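Each remark here refers to the structure printed beneath this line.
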Amino acid sequence: MILRDLLGHLGPEIQDPEEGMLNRTFLLFSQEIPSQNLGFVDSQATTIDITIGGKDYTIHQSPTILNRPGSTTGAVVWKITPLVASWLSLADNILWKTQALSSSSNVLELGCGISGLVGLALSPLVSRYVLTDQTYVARFVEKNLGENLIVQQRSPAQKRKGKLPSTANPPNLRFTALDWELDEVTPSLTGSPDIASFDAVIACDCIYNDTLIKPLVQTCADVCGLRQRCQEADQSGDVDMTPTLCIVAQQLRDPEIFEGWIKEFSRHFRVWRMPEEALSKGLRANTGFVVHIGVLKSTNRP
């Protein structure tokens with residue numbers, strides 16, 4: 001079974017977040033973590049050139065929206081985003097090696113921000129990738145998708161001279177608005193009447209505010225719950241359908257925020273921390289980043 005194979009590589013499950021929580025948090029935050037300047041790549045630039053897997057991307061962002069009152073952190077690119085995009089698209093990633101991700105996977109990303117960068121890197125490798133965030137990022141996401149979907153081996157200098165990729169949109173990558181506090185999670189998020197659930201949900205650096213912890217975790221649970229409902233109703237005709245995998249990557253900023261998230265996440269999910277050896281060098285704990293894997297709790301264990 002795919003899930004059993006993956007979990008065999010992840011080490012011990014975090015059985016009780018309360019037990020040993022102080023010790024785990026202390027170990028994570030006591031390491032010598034480099035300063036990330038809050039985690040922006042460049043909060044002043046309107047465009048950023050990024051290379052992932054040998055492909056060049058030009059990402060438009062908005063320092064103006066970032067500085068508006070309210071929660072607009074998705075208006076710029078954060079340092080963890082290209083690192084996660086690169087790690088997830090590596091052929092030797094344990095998620096690919098165990099078939100937890102495959103060319104037939106349907107993936108949803110929560111809080112994608114303006115860049116759509118993880119989707120741009122991962123969508124050529126999967127069947128369907130759906131980017132979601134609040135409506136204020138939509139214009140920038142569509143612009144970034146339009147200018148980067150067909151990526152050619154060009155230098156950033158060549159792109160600045162106007163040699164941009166084609167704006168033809170592939171059918172397997174799209175953006176849709178989703179507010180964790182206001183919108184309902186339904187099968188319509190897949191964008192296909194023939195697909196009722198996702199194989200994976202990704203949240204990349206969405207945990208920075210304690211007021212968003214519960215809405216984010218609940219949305220993760222609701223998305224993963226689509227697969228459980230498919231299994232219960234046997235809509236797919238395959239009772240052995242693998243549970244949806246929840247992949248959460250975050251920058252370590254505040255121990256109280258981290259503790260609040262892991263406690264809430266563990267209420268809904270079985271949780272594993274991705275081991276150091278399974279991560280790319282840029283995502284290991286001494287860099288200030290951490291990745292957890294969650295499987296929605298169920299009476300049926302793998």
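Everything quoted here is computed from the prediction, not taken from an experiment.
Between Asn93 and Leu101, every side-chain heavy-atom pair lies at or beyond the 4.5 Å cut-off. Side-chain contact check for Thr47 versus Asp49: every heavy-atom pair is 4.5 Å or farther apart. Between Leu173 and Leu122 the shortest side-chain heavy-atom distance does not fall below 4.5 Å. Residues Gln218 and Glu264 have side chains not in contact (no heavy-atom distance under 4.5 Å, counting atoms from C-beta outward).
Taking all atoms of both residues into account, the shortest heavy-atom contact from Ala138 to Phe175 is CB-CE2, 3.5 Å. Of all heavy-atom pairs spanning Asp133 and Gly113, the tightest one is OD2-N, 2.7 Å. Between Lys281 and Thr287 the shortest heavy-atom distance is O-CG2, 3.5 Å. Closest non-hydrogen pair, Arg174 versus Ser188, comes out as NH2-O, 3.6 Å. Across Pro124 and Gly119, no two heavy atoms sit closer than the pair CD-O, 4.4 Å. Taking all atoms of both residues into account, the shortest heavy-atom contact from Thr81 to Ser115 is CG2-OG, 4.1 Å.
By the 30° and 60° cut-offs, the orientation of the rings of Phe265 relative to Phe269 is parallel. Classified by interplanar angle (parallel below 30°, tilted 30° to 60°, perpendicular above 60°), the ring pair His292/Phe258 is tilted.
The main-chain N or O of Val295 is never found under 3.5 Å from a side-chain atom of Trp272 such that the two would form a donor-acceptor pair. Listed for the Gln61 side chain is a donor-acceptor partner under 3.5 Å among the backbone atoms of Ala45. Although no hydrogens or angles enter the test, the distance criterion places a donor-acceptor pair under 3.5 Å between the side chain of Thr132 and the main chain of Glu109. At distances below 3.5 Å, at least one donor-acceptor pair connects side-chain atoms of Asn172 with backbone N or O atoms of Val126. No donor-acceptor distance shorter than 3.5 angstrom exists from the side chain of Gln99 to the backbone of Ile2, with no hydrogens or angles considered. With hydrogens and angles disregarded, no donor-acceptor distance shorter than 3.5 Å links the side chain of Ser86 to the backbone of Leu83. In this structure a side-chain-to-backbone donor-acceptor pair under 3.5 Å is missing from Trp180 to Val217. Judged by distance alone, with hydrogens and angles left aside, the side-chain atoms of Ser105 form no donor-acceptor pair with the main-chain N or O of Val107 at under 3.5 Å. Side chain of Asp205 to backbone of Ala249: no donor-acceptor contact under 3.5 angstrom is found. Here the side chain of Lys297 pairs a donor or acceptor atom with the backbone of Ser266 at under 3.5 angstrom.
A chain of hydrophobic side-chain contacts below 4.5 Å, direct or via other Ile, Leu, Val, Met, Phe, Trp or Tyr residues, connects Val290 to Leu212. Leu125 is connected to Leu6 through a chain of hydrophobic side-chain contacts under 4.5 Å among Ile, Leu, Val, Met, Phe, Trp and Tyr, so both are in one cluster. Leu226 and Ile195 fall into different hydrophobic clusters, defined by Ile, Leu, Val, Met, Phe, Trp and Tyr side-chain heavy atoms under 4.5 Å apart, directly or through other members.
Side-chain contact annotation: Thr190 with Ser192, donor-acceptor N/O pair under 3.5 Å absent.
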- prompt: Given Val84 and Leu117, is the side chain to side chain contact (heavy atoms under 4.5 Å, CB included) satisfied, shown in steps?
  reply: CA-CA 9 Å; Val84 169; Leu117 196 55; over 6 Å; no

- prompt: Can you list the steps and then say if Asp199 with Arg227 is a salt bridge (Lys or Arg N to Asp or Glu O under 4.0 Å)?
  reply: CA-CA 8 Å; Asp199 298 290; Arg227 176 60 55 87; 3.1 Å; yes

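Rounding to the nearest 0.5 Å gives a distance of 11.0 Å between OG1 of Thr242 and CG of Asp5. Residue Arg139 holds its CZ atom at 10.5 Å from CG of Asn144, rounded to the nearest 0.5 Å. To the nearest 0.5 angstrom, Ile247 atom CD1 is 11.0 Å from Cys220 atom SG. For the atom pair CD1 (Ile94) and CH2 (Trp87), the distance works out to 10.0 Å, reported to the nearest 0.5 Å. To the nearest 0.5 Å, atoms OG1 (Thr46) and NE2 (His60) are separated by 8.5 Å. One distance of note links CD of Glu259 with CG of Asp254; it measures 9.0 Å at 0.5 Å rounding.
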